[in-house]
A.B. asks: 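The structure is given below, and queries will be raised subsequently.
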There are 2 protein chains.
Amino acid sequence: MTTAEENYLKAIYHLSEGGKKSVSTNDVAGAMKTKPASVSDMLRKLGEKEVIEYRKYYGVHITDEGKKQALQTIRKHRLWEVFLVDKLNFAWDEVHEVAEELEHIQSPLLIQRLDAFLNYPKFDPHGDPIPDEFGDVKAKPRLVLNEMEIDQMGQIVAVKDSSAAFLKYLDKVGAYIGARIKILDKTDFDGSIEILVDQKKNLFMSKEVAANILIQQS
Amino acid sequence: MTTAEENYLKAIYHLSEGGKKSVSTNDVAGAMKTKPASVSDMLRKLGEKEVIEYRKYYGVHITDEGKKQALQTIRKHRLWEVFLVDKLNFAWDEVHEVAEELEHIQSPLLIQRLDAFLNYPKFDPHGDPIPDEFGDVKAKPRLVLNEMEIDQMGQIVAVKDSSAAFLKYLDKVGAYIGARIKILDKTDFDGSIEILVDQKKNLFMSKEVAANILIQQS
DNA sequence: TCATTTTTTTAGTCTAGGCTAATTATTATT
DNA sequence: AATAATAATTAGCCTAGACTAAAAAAATGA
């Protein structure tokens with residue numbers, strides 16, 4: 001697999017995550033920031049390698065083999081993120097781009113050793129679970145904050161949008177990975193919510209922000 | 001600079017090291033394991049970027065700017081080698097290929113942090129000096145073992161041929177980076193030499209082997 | 001249902017880096 | 001100095017991965 005193929009496969013994997021049946025060419029183009037024409041070409045290639053099932057005009061399904069390979073790339077990405085934050089003192093909002101490059105280094109031994117060196121971490125700095133070397137993820141299910149009901153409780157374990165802007169905003173308002181939260185109020189009109197952070201701090205946020213925060217229920 | 005360009009420039013830098021005036025297309029093709037035709041093309045491109053001075057049919061000279069850039073790549077390569085050996089417990093003869101990939105990661109911050117994390121090492125696991133962030137190398141001059149005279153003394157600080165086979169051979173006969181040596185005898189006929197290792201072990205080696213061992217005189 | 005809109009694919013072009021075969025420069029040898 | 005040998009360059013082709021424009025299929029909606 002080339003770097004480009006790995007990136008496409010990873011994108012298709014992520015787009016399939018929400019339980020969506022099939023992923024469209026346009027979706028992939030959007031995620032990859034390429035044009036649909038380029039995507040068609042790549043889908044044909046990935047189809048031939050049997051990491052996806054490709055039926056012209058009907059989008060793609062990722063195969064079990066494809067899933068396994070995508071999870072390997074994701075594993076590498078997240079391990080490197082842990083390395084950057086834990087060992088090289090990067091901020092959690094500075095690691096994505098570099099990890100995007102590092103994840104394509106081809107050396108199973110390297111990843112094995114890195115995993116050991118980092119002490120077999122289970123989550124990356126954004127709270128996302130790190131698949132094991134067989135592609136297994138045994139993380140408990142997570143909820144999207146804006147889909148929770150009043151009085152439900154949990155812990156912030158991840159963010160979907162790990163852009164620098166979003167991460168900085170969270171930091172500013174006092175939300176962070178690990179924070180324990182409780183839904184205090186929810187406005188049907190605009191979907192905005194009010195939460196209690198660590199049993200002491202009230203925090204109001206828009207639906208858009210809440211939709212990017214993942215919660216582990218306790 | 002693309003990865004390919006970086007690799008060519010690094011090769012040209014190394015080929016220029018022996019004080020050779022100009023480097024031939026064939027030399028570069030040999031080092032890069034590509035065909036001369038491909039090299040001609042790349043030399044034209046590198047010439048346009050002014051990292052080399054290229055006169056058709058007369059080989060190339062690396063420019064000051066080119067030297068600076070090559071040294072940055074070399075710096076990155078060697079820092080990663082230190083990381084692999086010191087932190088991830090790679091053997092010194094296992095690191096080259098992986099470092100060859102890692103050296104192309106583009107992130108000045110990453111290298112800065114890595115350098116600090118490794119405690120600003122001055123030599124890589126093969127004993128080669130690590131240039132600083134300005135491309136300066138302040139390592140003392142080294143001699144090639146087969147060019148030393150009887151009774152001269154010094155310390156093994158590096159090997160030129162860092163192939164796994166050569167490194168394993170050295171290990172087997174009891175030579176290693178850091179060993180203190182003294183030239184006991186030299187045969188004009190075939191250039192083979194006999195050395196004393198650490199004041200206790202006599203070691204006989206061919207000119208070919210000795211030509212790959214670099215000595216720091218004490 | 002049939003026409004229009006949207007989505008997707010195909011066809012053809014481009015750049016980076018390779019290659020081989022043919023050509024041209026330079027160097028070596030008589 | 002002329003010719004032979006070697007080295008380097010050019011020309012033309014290939015693949016990967018992007019693009020645009022055109023064509024075709026699918027979805028929508030009047």
Side-chain angles (χ1 to χ4, degrees), chain A residues 1-13 15-16 18 20-62 66 69-70 73 97 100-101 103-106, chain B residues 1-13 15-16 18 20-62 66 69-70 73 97 100-101 103-106:
Chain A
M1 292 255 285
T2 66
T3 292
E5 287 169 344
E6 283 182 357
N7 284 333
Y8 271 98
L9 191 57
K10 196 168 48 122
I12 292 166
Y13 174 85
L15 290 168
S16 310
K20 280 188 61 176
K21 266 124 249 307
S22 90
V23 175
S24 74
T25 298
N26 262 359
D27 289 347
V28 177
M32 292 297 296
K33 294 175 177 191
T34 56
K35 302 293 162 175
S38 312
V39 173
S40 284
D41 238 47
M42 183 55 94
L43 294 185
R44 191 187 35 71
K45 277 177 45 182
L46 292 177
E48 281 164 15
K49 301 206 167 169
E50 314 207 349
V51 290
I52 60 172
E53 234 177 86
Y54 175 42
R55 246 190 78 208
K56 276 188 199 175
Y57 292 103
Y58 288 91
V60 295
H61 289 269
I62 193 161
Q69 290 191 30
T73 306
E97 280 67 28
E100 207 66 25
E101 291 189 53
E103 75 189 7
H104 300 294
I105 304 290
Q106 304 292 180
Chain B
M1 291 255 286
T2 65
T3 292
E5 287 170 346
E6 281 183 359
N7 284 334
Y8 270 98
L9 190 57
K10 195 168 51 123
I12 293 165
Y13 173 84
L15 290 167
S16 310
K20 281 188 61 178
K21 265 127 250 308
S22 90
V23 175
S24 75
T25 298
N26 264 357
D27 289 347
V28 177
M32 292 298 295
K33 295 175 177 189
T34 56
K35 304 291 163 178
S38 311
V39 174
S40 284
D41 239 46
M42 184 55 93
L43 294 185
R44 189 186 37 70
K45 275 176 46 182
L46 292 175
E48 281 164 14
K49 300 206 169 171
E50 314 208 349
V51 291
I52 61 172
E53 235 176 84
Y54 176 42
R55 248 188 76 209
K56 274 187 199 174
Y57 293 103
Y58 288 92
V60 295
H61 289 267
I62 193 161
Q69 291 191 29
T73 306
E97 280 68 28
E100 206 67 25
E101 291 188 54
E103 75 188 7
H104 300 295
I105 304 289
Q106 304 287 253

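So you know, we letter chains A, B, ... as the sequences are listed, proteins then strands, and number each from 1.
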A.B. asks: Tell me the interatomic distance from M42(A), atom CE, to dA16(D), atom C1', rounded to whole angstroms.
C.D. replies: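 After rounding, the gap between these two atoms is 8 Å.
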A.B. asks: Would you check if there is a donor-acceptor pair between the side chains of T34(B) and Y8(B) at a distance under 3.5 Å?
C.D. replies: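 Yes, a side-chain donor-acceptor pair sits under 3.5 Å.
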A.B. asks: Look up atom CG in N7(B) and atom CD in E100(B), then write down how far apart they are to the nearest 0.5 Å.
C.D. replies: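 If we round to the nearest 0.5 Å, N7(B):CG and E100(B):CD are 6.0 Å apart.
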A.B. asks: Rounded to whole angstroms, how far apart are CD on E6(A) and C1' on dA16(D)?
C.D. replies: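 Rounded to whole Å, this separation is 15 Å.
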A.B. asks: Scan side-chain atoms only and decide if Q106(B) and E6(B) contain a donor-acceptor pair under the 3.5 Å cut-off.
C.D. replies: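 Q106(B) vs E6(B): donor-acceptor pair found between side chains.
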A.B. asks: In plain terms, say whether R44(A) and E48(A) are close enough for a salt bridge, that is, a side-chain N and a carboxylate O under 4.0 Å apart.
C.D. replies: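 A salt bridge links R44(A) with E48(A).
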A.B. asks: Of the nucleotides dG17(C), dC19(D), dG18(C), which one has an atom closest to the side chain of T34(B)?
C.D. replies: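 The nucleotide sitting nearest to the side chain is dG18(C).
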A.B. asks: Assign a letter to each nucleotide of nucleotides 1-15 of chain C from its 5' end: B, base within under 4.0 Å of a protein heavy atom; S, sugar-phosphate only; -, no contact.
C.D. replies: ------SBBB-----
A.B. asks: Would you name the heavy atoms of V51(A) and I62(A) that are closest together and state the gap between them?
C.D. replies: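 The pair with the smallest heavy-atom distance is O-CG1, 3.6 Å.
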A.B. asks: Please give, in whole Å, the distance from dT20(C) P to K35(B) NZ?
C.D. replies: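 Checked: the NZ to P distance equals 5 Å.
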A.B. asks: Using atom CG of N7(A) as one end and atom P of dA16(D) as the other, report the distance to the nearest whole Å.
C.D. replies: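 Answer to the nearest Å: 17 Å.
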A.B. asks: Calculate the interatomic distance between M32(A) atom CE and dC19(D) atom P; express it in whole Å.
C.D. replies: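 In whole Å, dC19(D) P and M32(A) CE are 10 Å from each other.
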A.B. asks: Please say whether more than 12 non-hydrogen atoms of neighbouring residues, nucleotides or ligands are located less than 6.0 Å from CD in E53(B).
C.D. replies: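 Counting neighbours around CD of E53(B), 12 or fewer heavy atoms of other residues, nucleotides or ligands fall under 6.0 Å, so no.
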